[in-house]
Amino acid sequence: MILDFSNENTIQYSLKCVNNSENSWYFYIYQKMSNQSDNDIYSLVWMISPYKIGLQSFITFTWSLNDSFWWLNTGKLQADVIPKSGGSVSASLTSNNSTTFNIENNTPQFSTPVSGTPSDAFLIMGGNNIPNFTFSTGIGMSNFATCIKQTYVNTSQEFDSNTTYWVAATTSQKQVSETLSLTNISNTETFSFPLNTYNLTATLGEDNIWSIK
């Protein structure tokens with residue numbers, strides 16, 4: 001099975017996840033930032049298999065590098081939260097990296113993104129109509145949110161643009177945009193794409209350790 005969330009007009013990346021272990025698993029991928037837990041930024045399930053991947057079976061995730069700002073109705077932000085609602089607008093590190101999240105006419109929404117400083121990060125300002133401990137805002141890629149932080153009234157947020165990719169396996173069903181633990185994610189491994197490489201294979205072995213190449 002191939003889950004393709006890429007934009008056909010941009011470079012596509014893919015990770016093929018192969019199960020060579022002795023159990024069936026849900027495979028998923030997520031992103032992380034440096035010093036994430038110190039800044040109360042939560043990773044989300046970015047993409048996940050819709051069912052368990054059995055022995056000697058595989059699933060392929062495909063995406064493109066299309067950035068976006070996201071708001072999610074999480075309530076108090078913590079691990080294992082599944083957002084009740086949300087929305088997004090396109091973002092660009094080079095030209096549209098700053099926005100304000102507010103409620104206008106009883107509608108949660110972002111302002112039109114503009115160029116902001118610093119230019120190597122994504123910037124979100126919480127507006128003056130935001131109730132505390134209700135919404136979370138952050139960034140996403142290829143049509144899904146990746147990292148979020150609790151939104152507070154008149155409070156700014158800064159998200160590092162240098163995220164890392166991670167693959168993981170779980171026996172418990174999760175959902176896209178579900179918040180992950182800040183400290184304890186099992187059966188996981190980071191991966192990166194060498195220069196001019198766009199397709200990788202991650203194999204979960206009999207020892208439940210990932211091999212990625």
Asker: Just one of Val81, Ile41, Asp40, Leu77 clears the side chain to side chain contact (heavy atoms under 4.5 Å, CB included) bar with Ile148, so which one?
Answerer: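 Passing option: Leu77.
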Asker: Enumerate the side-chain hydrogen bond (donor to acceptor under 3.5 Å, both in side chains) contacts for residues 150-163, please, sequence neighbours excluded, ordered by first and then second residue.
Answerer: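 Checked against side-chain hydrogen bond (donor to acceptor under 3.5 Å, both in side chains) - neighbours excluded - the pairs reaching residues 150-163 are Gln31-Thr163, Ser34-Asp160, Thr137-Thr151, Thr137-Gln157.
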Asker: For a quick check under 3.5 Å, do Asn19 and Ser21 share a side-chain donor-acceptor pair by atom type?
Answerer: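 Side-chain D/A pair, Asn19 to Ser21: present.
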Asker: How would you list, by chain and number, every residue that makes a side chain to side chain donor-acceptor pair (under 3.5 Å) with Asn96, sequence neighbours excluded?
Answerer: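 Residues passing side chain to side chain donor-acceptor pair (under 3.5 Å) with Asn96: none at all.
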Asker: Quick one: does any side-chain atom of Thr170 pair with a main-chain N or O of Ser172 as donor and acceptor, under 3.5 Å?
Answerer: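 Checked: pair present.
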Asker: Do Met33 and Ile139 make a side-chain contact, defined as non-hydrogen atoms from C-beta onward lying under 4.5 Å apart?
Answerer: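 The answer is yes; the side chains approach within 4.5 Å.
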Asker: Taking distance alone, no hydrogens or angles, what donor-acceptor pairs closer than 3.5 Å link side-chain atoms of residues 112-121 to residues at least two apart or in another chain?
Answerer:
none

Asker: Using side-chain contact (heavy atoms from CB on, under 4.5 Å) as the criterion, list what pairs up with Asn35, not counting sequence neighbours.
Answerer: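 For Asn35 the side-chain contact (heavy atoms from CB on, under 4.5 Å) partners, ignoring immediate neighbours, are Asp38, Asn39.
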Asker: With a 3.5 Å cut-off and sequence neighbours excluded, list the donor-acceptor pairs that the side chains of residues 192-213 form with protein atoms.
Answerer:
unit_1: Asn199; atom_1: OD1; unit_2: Ser14; atom_2: OG; d: 2.6
unit_1: Asp207; atom_1: OD1; unit_2: Ile209; atom_2: N; d: 3.1
unit_1: Trp210; atom_1: NE1; unit_2: Asn187; atom_2: O; d: 3.0

Asker: Could you tabulate the donor-acceptor pairs under 3.5 Å formed by side-chain atoms of residues 123-136, not counting sequence neighbours?
Answerer:
unit_1: Asn128; atom_1: OD1; unit_2: Asn102; atom_2: ND2; d: 3.4
unit_1: Asn129; atom_1: ND2; unit_2: Ile103; atom_2: O; d: 3.3
unit_1: Asn132; atom_1: OD1; unit_2: Val153; atom_2: N; d: 3.0
unit_1: Thr134; atom_1: OG1; unit_2: Asn132; atom_2: O; d: 3.4
unit_1: Ser136; atom_1: OG; unit_2: Thr74; atom_2: OG1; d: 2.7

Asker: Which residues pass the side chain to side chain donor-acceptor pair (under 3.5 Å) test with Trp70, sequence neighbours left out?
Answerer: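 For Trp70 the side chain to side chain donor-acceptor pair (under 3.5 Å) partners, ignoring immediate neighbours, are Ser68.
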Asker: Mind checking what makes side-chain contact (heavy atoms from CB on, under 4.5 Å) contact with Leu65, not counting sequence neighbours?
Answerer: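 Here the qualifying residues are Tyr13, Trp63, Met141, Tyr165.
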Asker: Kindly compute the distance separating CG (Leu44) from OH (Tyr28), expressed to the nearest 0.5 Å.
Answerer: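 With rounding to 0.5 Å, CG (Leu44) is 11.5 Å from OH (Tyr28).
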Asker: Mind checking side chain to side chain donor-acceptor pair (under 3.5 Å) for Thr94 and listing every partner two or more places apart, or none if nothing turns up?
Answerer: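 In terms of side chain to side chain donor-acceptor pair (under 3.5 Å), with neighbours along the sequence ignored, Thr94 is linked to Ser92.
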Asker: Going by side chain to side chain donor-acceptor pair (under 3.5 Å), name the residues that satisfy it together with Ser88, two or more places apart in sequence or in a different chain.
Answerer: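 If we apply the side chain to side chain donor-acceptor pair (under 3.5 Å) test to Ser88, skipping adjacent residues, there are no hits.
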Asker: Excluding sequence neighbours, so at least two apart, what forms side-chain contact (heavy atoms from CB on, under 4.5 Å) with Ser186?
Answerer: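 Per chain and number, Ser186 pairs via side-chain contact (heavy atoms from CB on, under 4.5 Å) with no residue.
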Asker: Enter the distance from Ser111:OG to Phe101:CZ here, rounded to the nearest 0.5 Å.
Answerer: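 It comes to 11.0 Å.
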Asker: Do any N or O atoms from the side chain of Ser49 and from the backbone of Phe27 form a donor-acceptor pair under 3.5 angstrom?
Answerer: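 Yes, because the side chain of Ser49 sits within donor-acceptor range (under 3.5 Å) of the backbone of Phe27.
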Asker: What residue pairs, at least two apart or across chains, pass salt bridge (charged side-chain N to carboxylate O under 4.0 Å, His left out) with a residue in residues 176-198?
Answerer: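 Applying salt bridge (charged side-chain N to carboxylate O under 4.0 Å, His left out) to every pair that reaches into residues 176-198, excluding sequence neighbours, yields Lys174-Glu178.
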